[in-house]
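Here is the structure we will look at.
Quick caveat: nothing in here was measured; it's all calculated off a predicted structure. Just so you know, residue 1 is the first one in the sequence shown, and it goes up from there.
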Amino acid sequence: MDNWNNAVEESTDLGAVLRKGKEILFQGFNWESHKYDWWENLEKKVPDIAKSGFTSVWLPPAINSFSPEGYLPQNLYLLSSSYGSEQQLKALLQKLKKYKVRAMADIVINHRIGTTQGHGGLYNRYDGIPLAWDEHAVTSCTGGLGNQSTGDNFHGVPNIDHSQHFVRKDIIGWLQWLRSVGFQDFRFDFARGYSAKYVKEYIEAAKPIFSVGEYWDSCNYSGSVLEYNQDSHRQRIINWIDATGQLSSAFDFTTKGILQEAVKGQFWRLRDPQGKPPGVMGWWPSRAVTFIDNHDTGSTQAHWPFPSNHIMEGYAYILTHPGTPTVFYDHFYDGDDSVHEQIVKLMEIRRSGEIHSRSSVRILEAKDNLYSAVIGDKICIKIGDGSWSPSDREWTLATSGQRYAIWQKQQ
């Protein structure tokens with residue numbers, strides 16, 4: 001797929017950021033952030049975020065929501081939330097702009113909480129607030145008078161019917177408004193919930209600089225044991241990216257699922273039968289956004305957490321490999337200082353080693369207690385308890401930590 005992918009890259013203009021592949025994302029919140037003056041907290045951290053080398057900060061949903069975390073939106077045009085006031089948000093966006101770090105908006109458009117009762121006695125109308133839709137904006141499978149959903153249902157709330165022209169027109173107007181407010185990037189929440197062709201339409205109309213979709217479904221398990229082959233899982237994510245017209249990247253849930261098992265002494269999982277990385281990263285690296293944990297998998301929800309005593313091995317892997325890596329707030333600011341320092345060091349090595357989202361990977365070892373690989377032509381890594389180092393003398397140790405070491409080739 002690599003050759004085909006390169007041909008696509010050259011033949012279509014998908015934006016400078018995707019082409020350069022030098023992004024490092026920062027998830028700037030967790031599941032508890034709404035309990036604090038969050039916009040103010042982040043504003044104080046912007047200089048450190050910028051200095052560390054992050055190019056974009058994914059912010060929690062910044063609009064009025066029925067739930068404090070922001071994922072049950074109601075009035076899309078009200079920028080006051082449990083994270084802070086509109087003024088505090090705008091101060092944060094200004095600070096990010098000043099430090100040349102992009103702000104990523106969390107786009108929650110699969111569902112919307114109604115304001116008044118309509119068809120069937122359900123709260124499926126939006127009277128009295130901007131985008132005052134009626135029941136035809138809600139899918140028939142979630143109690144509205146619209147069409148069937150074009151994706152999976154998010155249960156218990158009205159799901160938006162994106163097949164309606166008036167709905168798409170209003171969403172596009174809103175996304176363009178978010179861009180004018182100061183959001184430059186988009187993260188599409190619950191992307192399984194509606195057809196990716198609408199994501200394509202929204203990106204084309206609102207022109208975010210970088211987009212990523214949350215297409216999250218379960219990896220392949222035999223009972224409680226993760227299967228070695230996750231090709232069908234990564235293929236579903238790739239199909240979604242493809243259907244966005246290749247305009248959006250997607251979170252690499254496949255790599256996340258495999259990596260968190262591999263670090264427990266099953267590093268053989270990190271090489272697929274073709275000798276490539278086994279996640280989306282191995283098939284379409286320029287569209288794979290890698291991560292260790294987020295507000296759902298980790299934090300206080302802990303639906304699918306990365307083993308906490310192996311966090312640095314996880315970051316050593318994603319920050320030296322192709323794809324677009326993401327660092328989670330909890331690991332960067334709520335862990336101990338040494339984790340922050342080690343992540344910053346790995347980001348420095350990524351830059352100086354000229355690793356980008358399409359860098360080549362040559363896997364040298366992938367067995368129970370050892371993984372080693374050469375990435376691009378300047379970086380070599382070893383993860384695990386097994387002892388290993390590059391035989392060639394031109395490699396110099398760049399950094400090491402618990403169960404990982406990275407070498408750089410001297411020019």
Side-chain angles (χ1 to χ4, degrees), residues 22-60 83-84 92 95-96 98-104 256 259-260 262-264 289-302 305-321 323-353 355 371 379 381-385 396-408:
K22 294 286 177 71
E23 303 304 296
I24 304 179
L25 311 183
F26 179 65
Q27 179 174 359
F29 66 102
N30 60 36
W31 196 244
E32 303 297 322
S33 300
H34 64 89
K35 296 175 179 172
Y36 306 93
D37 295 322
W38 202 251
W39 301 143
E40 285 190 350
N41 168 46
L42 280 183
E43 193 195 337
K44 294 189 192 98
K45 290 182 162 63
V46 168
D48 184 60
I49 289 167
K51 186 176 69 151
S52 301
F54 293 106
T55 53
S56 179
V57 178
W58 163 20
L59 300 178
Y83 297 102
L92 169 60
K95 188 83 163 269
L96 286 165
K98 179 184 167 189
Y99 280 86
K100 297 183 170 53
V101 178
R102 299 192 309 273
M104 178 181 285
K256 146 88 170 152
L259 186 58
Q260 65 189 27
V263 294
K264 297 173 188 171
V289 175
T290 53
F291 69 105
I292 300 300
D293 261 330
N294 63 29
H295 60 292
D296 288 324
T297 66
S299 188
T300 50
Q301 292 201 91
F306 203 90
S308 57
N309 53 336
H310 293 278
I311 295 297
M312 282 315 306
E313 291 152 87
Y315 280 117
Y317 182 82
I318 69 169
L319 286 168
T320 58
H321 278 60
T324 297
T326 309
V327 173
F328 185 35
Y329 185 94
D330 292 20
H331 301 146
F332 202 61
Y333 286 122
D334 287 349
D336 67 59
D337 289 348
S338 83
V339 171
H340 182 285
E341 287 159 21
Q342 288 176 83
I343 290 173
V344 169
K345 180 69 177 167
L346 290 170
M347 289 168 66
E348 275 172 21
I349 290 168
R350 183 178 184 86
R351 278 194 304 279
S352 63
I355 297 171
Y371 172 83
I379 298 293
I381 184 171
K382 165 251 163 168
I383 313 174
D385 287 330
T396 305
L397 187 67
T399 190
S400 62
Q402 194 174 17
R403 293 187 293 269
Y404 74 89
I406 298 164
W407 293 264
Q408 219 156 348

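Glu23 and Thr55 form a side-chain donor-acceptor contact under 3.5 Å, judged by distance and modelled atom types alone.
At distances below 3.5 Å, not a single donor-acceptor pair connects side-chain atoms of Asn30 with backbone N or O atoms of Ser299. The backbone N or O of Lys51 sits nowhere less than 3.5 Å from a side-chain atom of Asp48 that would complete a donor-acceptor pair. Although no hydrogens or angles enter the test, the distance criterion places a donor-acceptor pair under 3.5 Å between the side chain of Ser352 and the main chain of Glu348. Checked by atom type and distance alone, the side chain of Thr326 pairs as donor or acceptor with a backbone atom of Thr290 at under 3.5 Å. In this structure a side-chain-to-backbone donor-acceptor pair under 3.5 Å is missing from Trp407 to Lys382. With Arg102 contributing its side chain and Leu96 its backbone, the two residues share no donor-acceptor pair below 3.5 Å.
Rounding to the nearest 0.5 Å gives a distance of 7.5 Å between CD1 of Ile383 and CD1 of Ile406. In this structure, Arg351 CZ and Leu346 CG are separated by 11.0 Å, a value rounded to the nearest 0.5 Å. Between the CD1 atom of Ile379 and the CG atom of Leu319 there is a distance of 11.5 Å, given to the nearest 0.5 Å. For the atom pair NZ (Lys44) and CD1 (Ile49), the distance works out to 12.5 Å, reported to the nearest 0.5 Å. Once rounded to the nearest 0.5 Å, the distance linking OG1 of Thr300 with CD of Glu32 reads 3.5 Å.
Nearest heavy-atom pair across Ala302 and Pro305 is O-CD, 3.5 Å. Minimum heavy-atom separation, Gln408 to Ile349: NE2-O, 4.2 Å. The two residues His331 and Ile311 make their nearest non-hydrogen contact at NE2-CD1, 3.5 Å. Minimum interatomic distance between Ala50 and Val101 (heavy atoms only, all atoms of both residues): CB-CG2, 3.7 Å. Shortest non-hydrogen contact noted between Ile24 and Gly53 is CB-O, 4.2 Å. Nearest heavy-atom pair across Phe328 and Tyr315 is N-OH, 3.1 Å.
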Practice prompt. Give the intermediate values and the outcome of side-chain contact (heavy atoms from CB on, under 4.5 Å) for residues Leu92 and Glu43.
Written response: CA-CA 5 Å; Leu92 169 60; Glu43 193 195 337; 4.3 Å; yes
Test side-chain contact (heavy atoms from CB on, under 4.5 Å) applied to Phe26 and Ser52, step by step:
CA-CA 10 Å; Phe26 179 65; Ser52 301; over 6 Å; no
Q | Test log, rule side-chain contact (heavy atoms from CB on, under 4.5 Å), inputs Ile343 and Met312 | A | CA-CA 8 Å; Ile343 290 173; Met312 282 315 306; 4.1 Å; yes
Quiz prompt | Test log, rule side-chain contact (heavy atoms from CB on, under 4.5 Å), inputs Val263 and Arg403 | solution = CA-CA 9 Å; Val263 294; Arg403 293 187 293 269; over 6 Å; no
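Environment of NZ in Lys98: sparse, with no more than 12 heavy atoms of neighbouring residues, nucleotides or ligands closer than 6.0 Å.
At least one side-chain heavy atom of Leu59 sits under 4.5 Å from a side-chain heavy atom of Trp39. Contact check for Ile292 versus Gln260: no side-chain heavy atoms found under the 4.5 Å cut-off. Inter-residue side-chain proximity for Tyr333 and Leu42 is flagged as unmet; no heavy-atom pair is nearer than 4.5 Å. Counting only heavy atoms from C-beta outward, the side chains of Asp330 and Asp293 never approach each other to under 4.5 Å. Contact annotation: the side chain of Asp334 approaches that of Tyr329 to within less than 4.5 Å [non-hydrogen atoms, C-beta and beyond]. Within the 4.5 Å cutoff, no side-chain heavy atoms of Glu313 are placed close to those of Tyr371. With a 4.5 Å cut-off on side-chain heavy atoms, Asn41 and Tyr36 do not count as touching. Looking only at side-chain heavy atoms (C-beta outward), Gln342 and Tyr404 come within less than 4.5 Å of each other.
A centroid separation of 6.0 Å or more is found between the aromatic rings of Phe291 and Trp58.
The aromatic rings of Trp31 and His295 lie parallel to each other, with less than 30° between the two planes, well short of the 60° mark.
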